[in-house]
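What follows is a single structure, written as C-alpha cells, with notes after it.
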Amino acid sequence: MKIKSETPIEELVQEYPETVIFLSQKGIRCIICGEPIWGTLDEAMQEKGFTGDMKYQTLLDINQLVNQKNR
C-alpha cells in the first residue's frame with residue numbers, strides 16, 4: 001500500500017500501527033482514547049498548518065517507514 005495524502009488516518013494506523021509514533025512526533029493526532037481519528041492524512045496535515053513541502057516530505061517519510069517494515 002502506498003500512503004497518499006488521501007489515505008484515511010484510520011486505515012493508516014490500522015494497517016501500519018508503527019506510524020502512530022511518527023505522526024505523534026509530527027504533532028498529528030491519530031488516536032484518541034485508543035480509537036483512530038477520522039479524516040485523511042491531508043486533512044490532518046492541513047489542520048497542523050503543514051506547507052506543501054512539509055506535506056510532501058511527511059508522505060515520503062511515512063512511505064519509507066512502512067516500506068522498511070515490509071522488507
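- Here Leu65 contributes atom CG and Glu18 contributes atom CD; the two are 5.5 Å apart, rounded to the nearest 0.5 Å.
- Atom CE of Met45 and atom CD1 of Ile9 lie 8.0 Å apart (nearest 0.5 Å).
- No continuous path of ILVMFWY side-chain contacts below 4.5 Å connects Leu41 to Tyr56, so the two sit in separate hydrophobic clusters.
- Residues satisfying the side chain to side chain contact (heavy atoms under 4.5 Å, CB included) criterion with Ile21, sequence neighbours excluded, are Gln25.
- Side-chain atoms of Leu59 and Ser5, non-hydrogen and from C-beta on, do get closer than 4.5 Å to each other.
- Residues meeting the side chain to side chain contact (heavy atoms under 4.5 Å, CB included) test with Gln46, sequence neighbours left out: Asp42, Lys55.
- Distance check, rounded to the nearest 0.5 Å: CD of Gln14 to OG1 of Thr19 gives 11.0 Å.
- Across all non-hydrogen atoms, the minimal contact from Thr40 to Glu6 is CG2-O, 3.5 Å.
- Summarising the geometry, atom OG1 belonging to Thr7 is positioned 9.5 Å from atom OH belonging to Tyr16; distances are rounded to the nearest 0.5 Å.
- In this view, Gln57 and Asp61 satisfy the side-chain hydrogen bond (donor to acceptor under 3.5 Å, both in side chains) rule, not counting sequence neighbours.
- Note: Lys4 NZ to Asn63 CG = 10.0 Å, rounded to the nearest 0.5 Å.
- Taking the side chain as every heavy atom from C-beta outward, Ile3 and Leu12 approach each other to under 4.5 Å.
- Considering CD1 of Ile62 and NZ of Lys2, their distance stands at 11.0 Å, rounded to 0.5 Å.
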